[in-house]
Protein chains: 2
Amino acid sequence: MGTTQLDTVPEPKYWHLKTVLSEALDSDFAVGEILPNERELAARFGVARATLRQALEQLELEGRLQRRRGVGTTVAPPRVGVDVGTSQHGWPGAAGDSWQPVDCTSAVPPVAVARMLDGDCDNEVHVVRRIRVTHGQPVAAELLYVPAASVLDLAAIDSPSGAARARGVLRELQRLAMEGQDRAVELGSARADDAKELDRLPGAPVLVVTTRYFAHGGTAAVSVATYRADTCRLTFGDSGDLEISHHTQERRAS
Amino acid sequence: MGTTQLDTVPEPKYWHLKTVLSEALDSDFAVGEILPNERELAARFGVARATLRQALEQLELEGRLQRRRGVGTTVAPPRVGVDVGTSQHGWPGAAGDSWQPVDCTSAVPPVAVARMLDGDCDNEVHVVRRIRVTHGQPVAAELLYVPAASVLDLAAIDSPSGAARARGVLRELQRLAMEGQDRAVELGSARADDAKELDRLPGAPVLVVTTRYFAHGGTAAVSVATYRADTCRLTFGDSGDLEISHHTQERRAS
DNA sequence: AAGTGGTCTAGACCACTTA
DNA sequence: AAGTGGTCTAGACCACTTG
């Protein structure tokens, strides 16, 4: 007996740092407030800047901090709840959805998408690009893949490209009888083009929501939407604007 | 004129590295295969080990790689789709769900959870711990918070703690008339205890699924389930075992 | 021009797994 | 004991934003 053996698992410095900073954020800082810069924080805690950064990265991943190059590190507001629920039945572009079309091109879809589009693996499809904005901030970027077969009335879409054509494709889609949807969520990292529209650096963590739209007994369209993982909480149902804290603190007893 | 100006955005080394490695994984490696160790890879690509690691971290985040201390880096299998859909109506612990109860304690819930439990902010609740296993691998760890009011027939639960008591609480829950559910998904990092059961290091990226169960016009229980973000794709509907590629490759044209 | 975060280096030691 | 990934250091330079 005696040796209370508390050092069995020597906690990494950055992990302990993260805890300390997290508590400091809760008590000593207000949302939007600017933290001291990384060099100063590192000095203050007596660690190398890389170690301090490791802690900051974690906190940013958890949506507690926001860092911008050339500006500084600020305390992030609580994550905003964005509804991606099936309650939102209907085709993309239906009246009142929060997406705004940007442009539309034609391209051969990635194999993963092609596989969902009933195997048309080398055919071009319409690719509609849309942005989702909430509270004035861009929260998601989407690529909507629509096979030509889904919008047969192609002649009605006169615009060769651009937002006008995007709206045209969406309008044609509405005419189909929707038979169901199908959603999946996974973690990914932002491609360069998405990152740009989400105001993040390439590689930033995103939640990728893949939706299949069914009609005519097949897949009429596939949407790949990438949401900012740092600022968004995806909700399914009516818990939209409920505030859920950043991390679930440990408070267990026997 | 002439300067074709392709160096406008000098791509970071680790980003380029990631692309190269990603393509190599597609063509030259099989699932489960072991990569050369970090020091050799760094030397082979002529970069510092830290830079190489930055690329590997991204690939691990995207579910392409799996790294284990003392063992090595292996090519990860495609993400497994786990159903968290509302199709799975019913109380936790209903027959045939893929969770297995581990233990049950009493504790004051974190404030974020307490806020969802109709404001009982300082009262103890039952905390049921469960594990979700798929294909032999642990994919999620859950804490289920059940207010005492939801399982009034407390006397029927004789076991003071442990898996038996957990099953008891779940059994009592079944007796209530469910009035609805409510789900949210967000990115988080694994707490120490969750990490242990998920066979990951603390801080590993996880998808946190928060579910509210409604009954009696209030919140009867709250579940906070943390899924391994590297190995899981959360599905809502019947796209369970459909294979979706790791990252959506860029293949766009005009 | 000054200050910020982002990238990169070349090393060191530690914790863990396996043989 | 040897080999792996995980942590940490002390520096350097770069890209970006702002006054």
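Computed from heavy atoms alone, side chains included, the values below leave out hydrogens, waters and symmetry copies. We name chains A, B, ... by the order of the sequence lines, and we start the count at 1 in each one.
- At D/dT4, one or more side-chain N or O atoms of B/N37 fall inside 4.0 Å of OP1 or OP2 (strictly under the cut-off).
- Note on B/L201: only backbone sugar-phosphate atoms sit closer than 4.0 angstrom, heavy atoms only; bases stay farther off.
- Here A/R53 lies in heavy-atom contact (under 4.0 Å) with a base.
- Taking only side-chain nitrogens and oxygens, A/T73 comes nearer than 4.0 Å to OP1 or OP2 of C/dG5.
- Annotation: side chain of A/Q54 is not in contact with side chain of A/K13 (no heavy-atom distance under 4.5 Å).
- B/F236 and A/F236 have parallel rings, their planes meeting at less than 30° on a 0 to 90° scale where 60° marks the start of perpendicular.
- Nucleotide C/dT7 has D/dA12 as its partner under the Watson-Crick or G-U criteria, with both atom distances under 3.5 Å.
- Put simply, CD on B/Q66 is 15 Å from C1' on D/dT4, counting in whole angstrom units.
- Between B/E11 atom CD and C/dG6 atom C1' the separation is 15 Å, expressed in whole Å.
- Not a single donor-acceptor pair, N or O on each side, falls under 3.5 Å between the base of D/dG3 and the side chain of B/R69.
- Here C/dG5 presents its C1' atom at 11 Å from CZ of A/R200, a figure rounded to the nearest Å.
- Comparing A/G70 and B/A48 by the nucleotide of DNA chain C whose heavy atom lies nearest to each, the residue mapping closer to the 5' end is A/G70.
- Neither OP1 nor OP2 of D/dG6 sits under 4.0 Å from any side-chain N or O of A/K13.
- When A/R200, A/K18, A/R53 are each tested for a salt bridge (Lys or Arg N to Asp or Glu O under 4.0 Å) with A/E60, only one passes: A/R200.
- With rounding to whole Å, A/L35 atom CG is found 9 Å from C/dG5 atom P.
- Rounded to whole Å, the distance from NE2 on A/H16 to C1' on D/dT7 is 16 Å.
- B/V80 is not listed as a side-chain neighbour of B/Q137, based on a closest heavy-atom distance of 4.5 Å or more.
- With C/dG6, D/dT9, D/dG6 as the choices, the nucleotide that has an atom nearest any side-chain atom of B/E38 turns out to be D/dG6.
- Rounded to an integer number of Å, the gap from B/D199 CG to C/dC16 C1' is 12 Å.
- In this entry C/dT17 has D/dA2 as its Watson-Crick or G-U wobble partner, both defining distances falling under 3.5 Å.
- One finds a side-chain N or O of B/T51 lying less than 4.0 angstrom from the OP1 or OP2 phosphate oxygen of C/dT9.
- Between the CZ atom of B/R49 and the P atom of D/dG6 there is a distance of 8 Å, given to the nearest Å.
- Mapped onto DNA chain D by nearest heavy atom, B/R39 and B/A50 fall at different nucleotides, with B/R39 at the one closer to the 5' end.
- The OH atom of A/Y14 sits 17 Å away from the P atom of D/dG5 (whole-angstrom rounding).
- Checking the phosphate oxygens (OP1, OP2) of D/dG6, a side-chain nitrogen or oxygen of B/R67 falls inside 4.0 Å.
- Inter-residue side-chain proximity for B/S22 and B/R64 is flagged as met; some heavy-atom pair is nearer than 4.5 Å.
- Looking at heavy atoms from C-beta onward, A/E57 lies out of side-chain contact with A/Y14 at the 4.5 angstrom threshold.
- Between the side chain of B/R68 and the base of D/dG6 there is no donor-acceptor pair of N/O atoms closer than 3.5 Å.
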